[in-house]
Amino acid sequence: MRVIFLGTPEFAVRVLDAINNSEHKVCAVITQPDRINGRNKKTITGAVKSYAIEHGIKVFQFEKISIEGEETLRSLNPDIMVTCAYGQILKQNILDICPIINVHASLLPKYRGSSPVQWALINGEKEVGVTIMKTELGIDTGDMLLKESTVLKGDENSEEVLSVLSEIGARLIVKALDIIESGTAKWEKQDESKATHCKMLSKADGKIDFSESALRIKNFIRGMTPWPGAFTKTEKGILKILKADTAESSGGDINGEVVVSDPKKGLIVKCGEGYLDLKIIQNENGKAMDSKAYLLGHKISVGSVFGD
RNA sequence: CGCGGGGUAGAGCAGUUCGGUAGCUCAUCGGGCUCAUAACCCGAAGGUCGUGAGGUUCAAAUCCCACCCCCGCAA
């Protein structure tokens with residue numbers, strides 16, 4: 001089938017690659033417009049765009065696809081379109097062009113919306129997965145065709161999980177295209193009563209609440225890493241936490257109080273329930289590093305309190 | 001021209017205000033001590049201080065200029 005692929009970030013690349021290496025033909029890629037990094041004015045090219053250029057696939061970028069894209073898409077004469085973390089919502093005029101399916105990184109109907117993996121980790125889910133379903137006006141509400149899950153070890157962050165899920169997505173999308181082409185697709189309605197929708201995350205959501213249990217905070221950090229990032233505040237400013245684990249310890253009266261701070265033992269903080277060993281941290285101007293290395297050159301006194 | 005921090009030994013940092021032989025902690029190597037240790041003691045090695053046959057100077061990690069790279073905020 002002639003496929004138009006709509007996607008933008010790294011997660012979508014493996015999926016695109018799988019289609020490109022299958023019997024199906026990717027006749028064009030649609031991706032978000034290039035963004036300019038405010039810090040150094042350099043243009044950031046999305047991962048999907050880079051792939052497409054490298055493999056000689058036509059690329060189109062629209063500010064608003066539903067307004068600017070319809071004619072172009074029709075002229076490409078696609079049999080089907082595949083959306084995968086594209087970043088824009090399709091309006092009816094686009095949906096009318098041809099059948100469209102979506103690759104979504106959750107086990108629908110749970111975790112509809114824009115950051116399903118982050119939320120699944122934050123909530124401590126033991127199992128995550130990928131669903132292939134129809135793209136329609138509602139966000140991630142379409143009838144489902146294929147679904148596959150995977151079990152987590154319990155310490156992966158969202159980047160690592162996304163990587164695993166993109167491989168599953170890559171497998172499923174080719175299978176889905178084959179099924180649809182053969183005309184044997186069986187679509188399953190989503191159970192609305194079990195549906196959950198996750199809200200879009202922003203940097204401000206990354207603030208750690210040390211009154212929560214150590215396990216919850218650990219999961220929170222897993223979900224928020226690497227984006228939008230989890231952080232707390234110290235006397236010296238913001239401290240990002242990229243990895244942490246629950247730990248055995250004692251002492252401390254206040255949630256967020258540092259009970260261990262030593263280049264050999266690490267950095268341990270009291271939580272609402274239990275203790276959290278901060279493994280990888282990063283201060284405002286520095287690189288992410290092991291907390292033990294951090295403590296070789298920075299002082300954090302036992303008894304100081306994180307949080308603000 | 002959105003705001004700001006940084007590049008010094010393998011790692012993490014100090015030293016730059018006010019130029020004058022480069023320092024701390026850890027790691028490494030050698031030796032010692034201990035029933036034992038995330039333990040301790042003694043010693044050693046390791047750096048063209050991001051780049052520029054740049055500028056100023058008797059003298060530059062430090063002051064001036066240009067460029068490269070990394071990072072936080074804001075978008």
Side-chain angles (χ1 to χ4, degrees), chain A residues 8-10 31-50 61-65 85-89 113-115 118 155 157-160 199-210 214 217-218 220-252 256-270 274-308:
Chain A
T8 300
E10 191 63 41
T31 194
Q32 288 277 50
D34 291 343
R35 302 297 179 199
I36 290 172
N37 185 335
R39 195 160 56 195
N40 53 17
K41 292 161 100 178
K42 281 188 180 162
T43 302
I44 300 170
T45 301
V48 163
K49 182 178 178 182
S50 305
Q61 295 171 289
F62 304 111
E63 278 304 330
K64 302 211 175 196
I65 188 169
Y86 170 49
Q88 291 189 34
I89 293 169
S114 62
S115 29
Q118 279 94 332
D155 59 359
N157 66 30
S158 59
E159 182 176 45
E160 291 157 350
K199 76 159 194 167
M200 187 136 54
L201 290 166
S202 73
K203 290 254 183 189
D205 297 318
K207 189 166 178 216
I208 293 169
D209 178 0
F210 281 104
I217 298 172
K218 171 190 171 178
F220 177 76
I221 293 166
R222 290 207 290 139
M224 299 301 276
T225 305
W227 193 90
F231 67 91
T232 187
K233 288 183 182 167
T234 73
E235 305 101 15
K236 290 174 194 158
I238 286 175
L239 187 69
K240 285 190 153 195
I241 319 272
L242 287 85
K243 191 178 179 72
D245 203 355
T246 53
E248 296 294 317
S249 193
S250 61
E257 184 172 343
V258 176
V259 296
V260 173
S261 174
D262 184 298
K264 299 222 167 147
K265 302 174 191 170
L267 185 59
I268 300 180
V269 176
K270 176 179 162 46
Y275 293 86
L276 197 64
D277 184 348
L278 308 184
K279 301 274 197 192
I280 300 180
I281 61 183
Q282 175 180 22
N283 72 4
E284 286 186 48
N285 302 319
K287 296 183 181 173
M289 66 185 80
D290 192 285
S291 58
K292 292 172 184 171
Y294 182 91
L295 290 170
L296 287 171
H298 302 80
K299 266 251 164 17
I300 295 179
S301 37
V302 170
S304 59
V305 179
F306 289 170
D308 69 355

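Worth saying up front: this structure is predicted, and the values here are computed from it rather than measured. Naming convention: chains lettered A, B, ... in sequence-line order (proteins, then strands); numbering from 1 in each chain.
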Trainee: Judged by each residue's nearest nucleotide on RNA chain B, which is more toward the 5′ side, A:K240 or A:A293?
Mentor: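 Of the two residues, A:A293 wins.
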Trainee: Within the structure provided, determine whether A:L267 and A:Y294 are in side-chain contact (heavy-atom separation under 4.5 Å).
Mentor: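 Answer no - side chains too far apart.
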Trainee: Report yes if a side-chain nitrogen or oxygen of A:K264 is closer than 4.0 Å to either non-bridging phosphate oxygen (OP1 or OP2) of B:rA27; otherwise report no.
Mentor: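 So the side chain of A:K264 is within the cut-off, an N or O lying under 4.0 Å from OP1 or OP2 of B:rA27.
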Trainee: Let me know, please, whether A:N285 or A:M289 comes out on the 5' side of the other along RNA chain B by nearest nucleotide.
Mentor: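 Its nucleotide being nearer the 5' end, the pick is A:N285.
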Trainee: Do A:F306 and A:I208 come close enough that some side-chain heavy atom pair is under 4.5 Å?
Mentor: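 No; the side chains remain at least 4.5 Å from each other.
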Trainee: Now, which nucleotide makes the Watson-Crick or G-U wobble pair with B:rC1, with each of the two distances under 3.5 Å?
Mentor: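 Because no pair has both required distances under 3.5 Å, B:rC1 counts as unpaired.
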Trainee: Under a 3.5 Å limit for both distances, which nucleotide forms a Watson-Crick or G-U wobble pair with B:rA39, could you say?
Mentor: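 Matched B:rA39 with nothing under the 3.5 Å cut-off.
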Trainee: To the nearest Å, give me how far apart CG (A:D290) and P (B:rA27) are.
Mentor: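 Those two atoms, CG and P, are 13 Å apart.
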Trainee: For B:rG50 versus B:rC69, give the span between their C1' atoms, rounded off to a whole number of Å.
Mentor: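 That atom pair is separated by 7 Å.
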Trainee: Does a distance-only test, which skips hydrogens and angles, find a donor-acceptor pair under 3.5 Å between the side chain of A:R39 and the base of B:rG2?
Mentor: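 Absent.
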Trainee: Would you call A:R222 and A:D155 a salt bridge, taking side-chain N to carboxylate O under 4.0 Å as the test?
Mentor: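 Answer for the salt bridge query: no.
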Trainee: Find the distance A:K236:NZ to B:rG6:C1' and express it as a whole number of Å.
Mentor: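 In whole Å, B:rG6 C1' lies 16 Å from A:K236 NZ.
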Trainee: What's the CG-C1' distance between A:L296 and B:rG12, to the nearest Å?
Mentor: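 Result: 5 Å.
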Trainee: What distance do A:L278 atom CG and A:I268 atom CD1 have between them, rounded to the nearest 0.5 Å?
Mentor: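 Rounded to the nearest 0.5 Å, the CG-CD1 separation comes out at 8.5 Å.
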Trainee: Examine B:rC13: is either OP1 or OP2 under 4.0 Å from a nitrogen or oxygen in the side chain of A:H298? Give yes or no.
Mentor: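 True: A:H298 side-chain N/O within range (under 4.0 Å) of B:rC13 OP1/OP2.
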Trainee: Under a 3.5 Å distance rule, please check whether A:T43 uses its side chain to pair with a backbone N or O of A:I36 as donor and acceptor.
Mentor: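 Pair absent, no side-chain N/O of A:T43 close to backbone of A:I36.
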Trainee: Sticking with atom P, work out how far B:rG7 lies from B:rA14, rounded to a whole angstrom.
Mentor: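 Pairwise P distance, B:rG7 against B:rA14, rounds to 7 Å.
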Trainee: Nearest of B:rG4, B:rA38, B:rA11 to any side-chain atom of A:K265?
Mentor: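 Of the candidates, B:rA38 comes closest.
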Trainee: What interatomic distance, in whole Å, is found between P of B:rC3 and the corresponding atom of B:rA66?
Mentor: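 One P to the other, the span is 16 Å.
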Trainee: Could you work out the separation of B:rU56 and B:rC64 based on their P atoms and round it to a whole Å?
Mentor: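 It works out to 15 Å between them.
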Trainee: Pick the C1' atom in B:rG46 and in B:rA53, then give their distance to the nearest Å.
Mentor: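 These two C1' atoms come out 27 Å apart once rounded.
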Trainee: Mind checking the C1' distance from B:rU48 to B:rC41? Whole angstroms is fine.
Mentor: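 These two C1' atoms come out 36 Å apart once rounded.
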Trainee: Expressed in angstrom and rounded to an integer, what is the separation of A:I300 atom CD1 from B:rC13 atom C1'?
Mentor: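 Rounded to whole Å, this separation is 13 Å.
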Trainee: Using the P atom on both, measure B:rG52 against B:rA61 and round to a whole Å.
Mentor: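 Each nucleotide's P atom is 14 Å from the other's.
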Trainee: Rounded to the nearest angstrom, tell me the gap between atom CG in A:D262 and atom C1' in B:rA38.
Mentor: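 From A:D262 CG to B:rA38 C1': 8 Å.
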Trainee: Would you kindly give the NZ-to-C1' distance between A:K279 and B:rG12, to the nearest whole Å?
Mentor: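 To the nearest whole Å, that distance equals 18 Å.
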Trainee: Could you check how far CG of A:D205 sits from P of B:rC73, rounded to whole Å?
Mentor: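 Rounding to the nearest Å, CG of A:D205 and P of B:rC73 are 14 Å apart.
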Trainee: Grab the NZ-C1' distance between A:K207 and B:rC73 for me, whole Å please.
Mentor: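 Taking atom C1' of B:rC73 as the reference, NZ of A:K207 is at 16 Å.
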Trainee: From C-beta outward on A:K203, which listed nucleotide comes closest to its side chain: B:rC13, B:rC73, B:rA38?
Mentor: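 Side chain of A:K203 sits closest to B:rC73.
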Trainee: What I want to find out is whether A:K279 reaches A:D277 closely enough, with some N-O distance under 4.0 Å, to be called a salt bridge.
Mentor: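 A salt bridge is present here (some side-chain N lies under 4.0 Å from a carboxylate O).
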Trainee: Measuring only the P atom in each nucleotide, how far is B:rU8 from B:rC71? A whole number of Å is fine.
Mentor: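 The answer is 15 Å between these two P atoms.
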Trainee: Strictly by Watson-Crick or wobble contacts shorter than 3.5 Å, is anything paired with B:rU48, and which nucleotide is it?
Mentor: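 When the pairing criteria are applied, nothing turns out to pair with B:rU48, so the answer is none.
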